Every structure is written in C-alpha cells, then in structure tokens.
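Below, chain A is the first sequence line, B the second, and so on; all start at residue 1. Computed from a predicted structure; not experimentally measured.
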Amino acid sequence: MARTLIKYLPEKIGQTTSISGWVDVRRDHGKLIFIDVRDETGKVQVVITPKAEKVYEQAEILRSEWVIQLEGEVKARKENLINSNEPNGKLELVASSLTVLSNAETPPFTPTKDTLGLNEEARLAYRYIDLRSARMQKNIRIRSEWVQRCRSFLFSKGFIEIETPILTQSTPEGSRDFLVPSRHAPGNFYALPQSPQQYKQLLMASGFEKYFQIARCVRDEDLRADRGYEHSQLDLEMSFVTRDEVMDLIEEMIITVTEHFGKELKHKPFPRITYAEALHTYGADKFDMRSSDEKNRGVLAYAWVTDFPFFEKNDDDKWTFTHNPFSMPREDHINQHLKCERIGEIIAQQYDLVCNGFEVGGGSIRAHRPEILRATYKIMGYSDDEINASIDHMLRAFSYGVPPHGGIGMGIERGVMIATGEQSLREVQAFPMTGKGRVAVMNAPSPVSEKQMRELGLTLRKEKK
RNA sequence: GGAGCCGUAGCUCAACUGGUUAGAGCGCCUCCCUGUCACGGAGGAGGUUGCGGGUUCAAGUCCCGUCGGUUCCGCCA
C-alpha cells in the first residue's frame, strides 16, 4: 500500500492507507493503546484496540523512537475527542496492521521535547537523535530553503554556479591553514581553502562575468559560538561592476529572502555608513541598531559599513591589510598606494554587511591592475621574489586581460543563526564540532596507520615515556 | 596562549558553614487500566559524585593536578 505522508492524512479521511515513522509517544490504557507517530511532515495519533488482535500484541511492546509502518483507516474523530492543539487533532488512524521496521534502545534524551537546555556533550554525541527534535528539524530546513532562495535569486540575475578546488595552495597571510600532506610530493602540502578568493578572481579573467558558489571555507583558528573551523559561504564575484552595484544586488537578495521568511527588517534600504562613522557612533565596526523591543520581536537590522583603512600596523610594526590584500584602493588613493606613501590614510573599496551586531558578509572591488596588487604586497614588506612566490599566478593572469571586478562572501550559518534567533552556530549546523575541534559523532581527529604516514613521507612523533 | 563558568542516576537538578545509608522530578522496568493526547494508578531498579593525588577522625563539598564541555579575550585576509 502506498505510503501517505502524515501531513496529507486529512485528505485521506474515510480511506485506508499506510504511514511510516517514529513512535513519538505511546499511551497504553490497557485495552486501548494510543501511539503518536511522527514522520518528517507531522504527527498523528494511531488507535489500537484488541479488535485487531495481532496489532494489539505488537503494540504492547512498542517503545519510543521505534520505527514502524502502519496500515489502517483514517477516521474523523468525534467532536468530544478532537485535540485542537495538533494539526491532525481532528483525525486518527485506526490500525489494522503494524510492521516494526527498526526497534530502538531507550534514547539518552527524548527528541520529543526541545533539546536546547540539554548537556551539549550528549546532544553532539547523539546528534542524529538531537536532529529529530522539532526545533533542529526546523532550523536545518530553514537553512536549506534559505540557500535555495539565494540560489534562485542569483540564477534569475544571470549568475553561474562554479565549484572551485578544496585542495589548494597555502597562503602565508590571513588565518592559519588546514594542511593536507601530498603523497606524490612528500614533504609538500595542500591547504584547504580559507575562501575561494583567488579562484573566483581567476574566473573573472576567464570571462565568467557573474559567478557564485556555496563554498566550504576552513580556518584553523580557535572556535566561538559564532565561529567554527568550517563554514559555508555564499561567495560571488562580478565583472564590470562598481561597489554600489554589488551592494545593491546583495541588498535586494537579502530583502527578497528574509521577507519570504516573514522577517521584519528595521531599515530598507540598508543604512550605509563609513568605518569612521561606525567607530564614532557605535565604537565598533559591527553593531546592533535595534531597540530592546525590536530585539524581542526578532527584527533584523542590516547595515553596510564602507571605507575601511586598507592597512594597519601589526605587532612587528609592519603594515598589513585589514580585510583583503586583493582589494582596490579608493580611486583618489591609488597614486599614493602605487608610491607606497601615506599608507595609513589609504582607504580600500571594501564593504562589510553587518546585522544585529554580527558581521555577516564582506567584500570589495578588487585590484585588477597588476601594479596595484604588486604595490599592496610591497607595502606589506614583500620583496619582488616573495611577491612572485606568493601571487605570481594572479599577476600573470591579470596581465592577459581582466575586467574590473568585485564581489562578496556571506556567511550562511551566521545569517541563518541570526534569522532563526539562535545563540550559537551549532543550532543551524547538522554536525558541528566541539569547541576544541573534536568531531563529536565520529572519532576525529584520530591517529592514522604507520603505512599511511609512510606513504605521505611523514614521521610519527615518538611517544614520550 | 589566557580567563570565567560547569562536570553528582539515562536527562534536568538538589545535598546549609566538610558530618548518618548522596535525594527529587522526568525517563526506564513490572503490574493494573477502553478515549488518552506530557494519560492515570501501584510497585521497583538505577550512583566509584569526570579522573588522579592531597588535607582531615570524616570530602560530592576544601587544596593541587588532569581530562572534557561551554563562554569570552588573544586569534579569526
């Protein structure tokens, strides 16, 4: 018999059908047993009486979280038996047949209740149970639809989706790399991408004028509630654009997507303020503009921050970039940039998108003229040889004809976390890590065999006695 | 790298200034129950208080170390 999704049972009243799902709750009244069955679309009450002798015997041993299949008639409930708190409260399935597809140990916690207050070690270790809970189901589904709507929007604007490599080159600047040893070149390493930055710029040189991808980005820096080793980034780049054109497009996308989800936006259009104004007004380059009432209502307050200083001094008193070495200086600062003069005053064509106190995106117009990019590295103290070793491939690519271009990367988890009102990234990730980078549902990181180490040209560290 | 908080039953928590046999609710097990929907009733099982050491007549409680979780600073183009 064909399976009916529980959500669609109201259409089947008076008919015999089949449902499959988990035992959510069992209420055993002796001669009368109620089973609430849950599938990914909803819940329904199943009634089992001794009239269906075999089913009744089977139902007596059912426990929470067993996976079962049932056949029976979908009946409208009598007026006095209606449960108005449940979407399917006006009907029930009177079982005529029951198949146990999988029995279940007593779960360490019940996904029938919200799991938010529970011990995170248990939630992460038994993530597959945690994810059964209504809130986690909702968050993961919102994330999926969020991404899908961004995709649809970008396709409608003529973008093409292109995947870039996961095994790529380590870059000395920026954050710490995750490294992957090479078997064919022992002692050499790939790096996992911190972002698709360089590849997407090469795509601009390749004639793909509007690119995007949902890119996995990896950084080996300490974790926080709003930051993990891995995150997904909605990454895009466009040729022949100005800063405002990129910002306008992203703003339209955010408004389209968030309003679909019924979210209230504090400002439309988004305020655009300079870095200097942000520091003066809020004391920070990311800030929360909402009143306490708006916070309670879950309002989203987006704003753009622009005109960041290109460089700042690091601990060694050397100049380093504040956001992105591939950015273009403001037009009126290009001359001093090329001459490496008044470096602290140079403003980058950089824009950050902030929302409710979080940075949710950042991008820039890029330096597509090789001499500007070269000057950036010169300012940071690179010798000609060091520049070539680091970014020769970019300079070379830009020497064969590249359009002016710019783009942005937007953190997907962070955006969904804010939109769902969650306090932690982990609430919108299916399989998050612990704060020290352990994979809770699997044993990672873990040792590898001596054979694997040998193949990679790596030496096992000797155990200390 | 640094700081705070936390770790007691499967889960959530309690145990006053160190003092009987470490308790409760939920869950779990057994029995009873034909209209519940967090069903109800009766009974029961379940603990090396994260781990190691120390102080003390006596440690869940105090001290030291360690492991784990979490939050923040550093860090995160």
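Proximity note for A/P108 (side chain, C-beta onward) versus B/rG10, B/rC28, B/rU34: the nearest is B/rG10. Closest to the side chain of A/T106, from the set B/rC76, B/rC28, B/rU71, is B/rC28. For A/D222, counting side-chain heavy atoms from C-beta on, the closest listed nucleotide (B/rG74, B/rG69, B/rC29) is B/rG74. Looking at the side chain of A/T434, the nearest of the listed nucleotides B/rC26, B/rC29, B/rG69 is B/rG69. Residue A/A225 has its side chain nearest to B/rU71 when only B/rG35, B/rU71, B/rC29 are considered. Side-chain proximity of A/R224 to B/rU70, B/rC39, B/rC72: nearest is B/rC72. Distances were taken from every side-chain heavy atom of A/E221 (C-beta onward) to each of B/rU12, B/rU36, B/rC75; the shortest belongs to B/rC75.
When heavy atoms are screened at a 4.0 angstrom cut-off, A/L81 is found touching base atoms of the nucleic acid. Within the 4.0 angstrom heavy-atom criterion, only backbone atoms of the sugar-phosphate kind lie near A/R63; the bases stay farther away. At a threshold of 4.0 angstrom between heavy atoms, the contacts of A/E92 include nucleobase atoms, whether or not backbone atoms are also involved. Nucleic acid contact class of A/P325 (heavy atoms, under 4.0 Å, all strands): base. Nucleic acid contact for A/T322: sugar-phosphate only, since backbone atoms but no base atoms lie under 4.0 Å from a heavy atom of the residue. A/G30 comes within 4.0 angstrom of a nucleotide base, judged by non-hydrogen atoms across all strands. Residue contacts shown for A/N119 are limited to sugar-phosphate atoms, with no base heavy atom under 4.0 Å away.
The side chain of A/T49 places no N or O atom within less than 4.0 Å of a non-bridging phosphate oxygen (OP1 or OP2) of B/rU34. Under 4.0 angstrom from either OP1 or OP2 of B/rG69 there lies no side-chain N or O belonging to A/R426. In terms of phosphate contacts, A/K436 brings a side-chain nitrogen or oxygen within less than 4.0 Å of OP1 or OP2 of B/rG68. Residue A/R27 places at least one side-chain N or O under 4.0 Å from the OP1 or OP2 atom of B/rC39.
Comparing B/rC57 with B/rC16, their P atoms are spaced 22 Å from each other, to the whole Å.
Listed by chain and number, the residues in a salt bridge (charged side-chain N to carboxylate O under 4.0 Å, His left out) with A/D392 are A/R396 (sequence neighbours excluded).
Side-chain atoms of A/Q45 and base atoms of B/rU36 include a donor and an acceptor less than 3.5 Å apart. If you check distances only, the side chain of A/R227 does reach the base of B/rC75 with a donor-acceptor pair under 3.5 Å.
Taking a centre distance below 5.5 Å and an interplanar angle below 30 degrees as the stacking criterion, A/H29 does not stack against the six-membered base ring of B/rU36. With centres under 5.5 Å and a plane angle under 30°, the ring of A/F34 is stacked against the base of B/rU36.
Side-chain contact annotation: A/S364 with A/R366, donor-acceptor N/O pair under 3.5 Å present. With 3.5 Å as the limit, one finds no donor-acceptor pair spanning the side chains of A/Q213 and A/E163. Of the N and O atoms on the side chains of A/N139 and A/E422, at least one donor lies less than 3.5 Å from an acceptor on the other residue. Inspection of the A/Q350 and A/D352 side chains reveals an N or O donor paired with an N or O acceptor under 3.5 Å.
Using N1 to N3 plus N6-O4 or O6-N4 for Watson-Crick, or N1-O2 and O6-N3 for G-U wobble, each under 3.5 Å, B/rA38 pairs with nothing. Across all strands shown, B/rC51 pairs with B/rG65; the Watson-Crick or G-U wobble distances both stay below 3.5 Å. Base-pair partner of B/rG18: not found among the strands shown (Watson-Crick or G-U wobble, both distances under 3.5 Å).
Between A/R272 and A/E251 a salt bridge is recorded (basic side-chain N to carboxylate O distance below 4.0 Å).
Nearest-nucleotide mapping onto RNA chain B: of A/P50 and A/G117, the residue sitting toward the 5' end is A/G117.
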